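Quantities reported herein were computed from a predicted structural model and do not represent experimental measurements. Reckoned from all heavy atoms, side chains included, excluding hydrogens, waters and symmetry mates.
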2 protein chains.
Amino acid sequence: MKVLIIEDDPLHRSYLNEAVRAALPECETVLEAENGHAGERLARDYRSAHVVMDLQMSPRNGIEAARTIWKERPETRILFWSNYSDEAYVRGVSRIVPQGAVYGYVLKSASDDRLRLALRSIFIESQCVIDREVRGMQQKSLGNANGFTDAEYEILVDIALGLTDRAIAQRRNLSVRSVQNRLQQLYEKLDVYRSLGHDPDDGRFNLRARAVAVAFLRKLLNHSAIERAEADLAGWLARQSASSRDADPFLRDG
Amino acid sequence: MKVLIIEDDPLHRSYLNEAVRAALPECETVLEAENGHAGERLARDYRSAHVVMDLQMSPRNGIEAARTIWKERPETRILFWSNYSDEAYVRGVSRIVPQGAVYGYVLKSASDDRLRLALRSIFIESQCVIDREVRGMQQKSLGNANGFTDAEYEILVDIALGLTDRAIAQRRNLSVRSVQNRLQQLYEKLDVYRSLGHDPDDGRFNLRARAVAVAFLRKLLNHSAIERAEADLAGWLARQSASSRDADPFLRDG
DNA sequence: AATTTTTCTGCGGGTTCCCGCAACGTCCGT
DNA sequence: ACGGACGTTGCGGGAACCCGCAGAAAAATT
């Protein structure tokens with residue numbers, strides 16, 4: 001058995017290395033990579049089926065790396081080992097895990113024992129292990145009680161990137177009015193209206209900007225989420241301006 | 001000599017502990033705290049004059065902790081030991097270091113030797129040590145070549161919090177038009193206009209929201225900066241609504 | 001198939017934002 | 001003292017945004 005470690009912090013990396021060797025005596029090789037790119041390359045070259053990785057890395061964070069690894073080999077087992085249970089990360093991971101894949105998500109604050117158990121559960125017994133705290137976040141996020149629809153999350157990202165209503169409409173194939181409807185849903189769910197003591201009507205907020213702010217404060221968005229979204233947007237813009245030279249740009253006006 | 005370590009990651013904490021003992025044989029006591037609050041308390045109780053701390057902690061990050069520590073005892077020597085050289089952190093630190101204080105800022109990616117040298121320089125020889133990369137960021141940030149004025153940074157924070165032009169005007173004692181002028185400066189400096197390929201005029205951005213987005217991408221803003229700003233804003237709002245019950249709320253309309 | 005529920009869409013108006021234009025004040029330097 | 005650079009403020013208009021209303025379309029339920 002081979003295990004691939006993708007983690008940018010040297011201290012954490014060597015700690016992981018030791019933990020893996022201690023927990024998995026049947027593991028004869030431990031590979032190490034210090035960022036997403038190197039990790040993807042090693043995973044491809046060595047056909048690693050067992051990966052444990054951090055999420056917050058640069059360049060190329062864990063979510064992007066995991067996506068390409070899983071795209072090439074969906075049966076790969078990945079244990080995410082992160083400092084944070086930000087909703088942005090949890091949602092990002094849930095979004096990319098393939099059908100029936102075995103994976104795990106444990107926090108770095110977990111005990112050595114928990115980490116050992118998670119390693120054995122995932123790599124030996126093919127059982128998913130999601131940290132209690134992360135699981136809670138997942139349910140809050142996906143259970144549509146006070147959670148967010150994909151549509152709502154999508155539009156949140158779009159305004160966080162600074163797109164106008166019209167641009168969002170084009171991108172998502174909607175009318176401008178529909179975009180505004182979704183924005184209103186978003187504003188209500190984020191509780192933007194009474195987000196800070198607004199006794200009189202003077203201390204007022206720009207709803208759009210305020211929504212992004214509270215999303216950040218609630219860790220619904222974080223840097224890496226914005227980074228990924230920006231890259232997607234850049235790609236879309238490129239495709240857009242390429243096709244607008246061939247086709248009629250007013251297709252959606254009828 | 002006593003040294004106080006404030007760092008939330010256990011691995012990094014014990015590494016620091018070892019590094020301190022190795023670099024400073026004259027140090028007989030090493031205290032540890034795992035977040036800003038605990039750190040402030042220890043610093044106060046033990047009158048620590050030598051502190052090394054992380055920046056990104058929760059609750060109460062390094063900048064806030066350092067501010068209160070320095071407020072109580074400005075001659076305290078603090079070495080910041082952080083993963084990042086985000087402009088937001090660098091600016092946040094520069095903002096709070098007292099006149100003539102001795103401090104340092106080294107990245108966690110630095111070698112053991114660099115850390116050792118920094119510890120001795122700051123605590124023994126009273127000499128500031130700023131990591132090369134951080135120093136570069138500092139100059140770029142403060143040198144007003146392509147750097148940002150305090151006024152510009154201030155208004156950036158305000159729109160990131162979601163305030164309207166009018167609210168900003170009230171808060172900063174300006175007219176609405178002046179606020180808009182500063183916004184325009186900000187937009188130009190952030191290069192919001194051609195930030196992404198905008199071949200036609202259709203792929204358009206909401207300038208205000210876009211400015212916040214690129215500020216985040218450039219790490220001019222980050223989570224802790226927003227958190228601090230939000231706390232400040234809450235305080236101001238409280239004071240505001242308190243005084244508006246006594247005084248005439250239309251003072252600034254003449 | 002019929003009905004309910006949800007989502008999408010156009011219209012209209014009130015508000016906020018973006019910004020060019022012009023006037024005024026302060027602080028410089030020659 | 002004069003002229004210029006810079007920051008602040010008011011005015012005005014065009015664009016974008018927020019959102020209630022109501023009909024159309026789609027999806028879910030019965």
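- Rounded to an integer number of Å, the gap from Ile168(B) CD1 to dC17(C) C1' is 11 Å.
- When rounded to the nearest whole Å, the span between CZ of Arg172(B) and P of dT9(D) equals 14 Å.
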Distance-only donor-acceptor hits, side chain of residues 181-188 of chain B, under 3.5 Å, sequence neighbours excluded:
unit_1	atom_1	unit_2	atom_2	d
Asn181(B)	OD1	Arg177(B)	NH1	3.0
Gln185(B)	NE2	Glu152(B)	OE2	2.9

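- Distances shorter than 4.0 Å separate none of the side-chain N or O atoms of Gln180(B) from OP1 or OP2 on dG10(D).
- Remark: C1' of dC17(D) and CG of Leu186(A) are 15 Å apart, rounded to the nearest angstrom.
- A centroid separation of 6.0 Å or more is found between the aromatic rings of Phe205(A) and Tyr193(A).
- Put simply, Tyr193(B) has no side-chain N or O that comes within less than 4.0 Å of OP1 or OP2 on dC18(C).
- For the pair Arg218(B) and Glu87(B), the salt-bridge criterion is not met [side-chain N within less than 4.0 Å of a carboxylate O].
- For the pair Arg210(B) CZ and dC17(D) C1', the computed distance is 19 Å after rounding to whole Å.
- The shortest distance between the side-chain N/O atoms of Ser175(A) and the OP1/OP2 oxygens of dC8(C) is not below 4.0 Å.
- With dC18(C), dG20(C), dG10(D) as the candidates, the nucleotide lying closest to the side chain of Tyr187(B) is dC18(C).
- Following rounding to the nearest Å, Arg166(A) (CZ) and dC18(D) (C1') show an atom-to-atom distance of 16 Å.
- Distance Asn173(A) CG to dT7(C) P: 18 Å, rounded to the nearest Å.
- Judged by the 6.0 Å distance and 45° axis criteria, Arg91(A) is positioned over the aromatic ring of Tyr153(A).
- Proximity of Arg177(A) to the phosphate of dC18(D): no side-chain N or O atom is located under 4.0 Å from OP1 or OP2.
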For this session: Check the pair Glu133(A), Ser85(A) against side chain to side chain donor-acceptor pair (under 3.5 Å), reporting the backbone distance first and the verdict last.
Result: CA-CA 7 Å; Glu133(A) 192 178 328; Ser85(A) 61; 3.1 Å; yes

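- Remark: Arg77(A) fails to qualify as a cation-pi partner of Phe123(A) under the 6.0 Å distance and 45° angle criteria applied to the six-membered ring.
- Closest approach to the Asn181(A) side chain among dC18(C), dT9(C), dC17(D) is made by dT9(C) (side chain taken as heavy atoms from C-beta onward).
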Exercise. Given pairs defined as Watson-Crick or G-U wobble with both distances under 3.5 Å, what dot-bracket annotation applies to DNA chain D, with ( ) intrastrand, [ ] crossing, | other strand and . unpaired?
Worked result: |..|||||||||||||||||||||||||||

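- A donor-acceptor pair shorter than 3.5 Å cannot be found between the side chains of Ser82(A) and Gln56(A).
- Within 6.0 Å of CD on Gln180(B) lie more than 12 heavy atoms contributed by other residues, nucleotides or ligands.
- For Arg204(A), counting side-chain heavy atoms from C-beta on, the closest listed nucleotide (dT9(D), dT16(C), dT9(C)) is dT16(C).
- Using a 4.0 Å cut-off, no side-chain N or O of Gln185(B) falls inside it from OP1 or OP2 of dG7(D).
- Distance Asn206(A) CG to dG14(C) P: 21 Å, rounded to the nearest Å.
- One interatomic measurement links the two molecules: CG of Asp165(B) to C1' of dA16(D), which rounds to 13 Å at whole-angstrom precision.
- In the set dT9(D), dC18(D), dC8(C), the nucleotide with an atom closest to the side chain of Ser178(B) is dT9(D).
- Considering only side-chain N and O atoms, Arg182(A) lies under 4.0 angstrom from the phosphate OP1 or OP2 of dC8(C).
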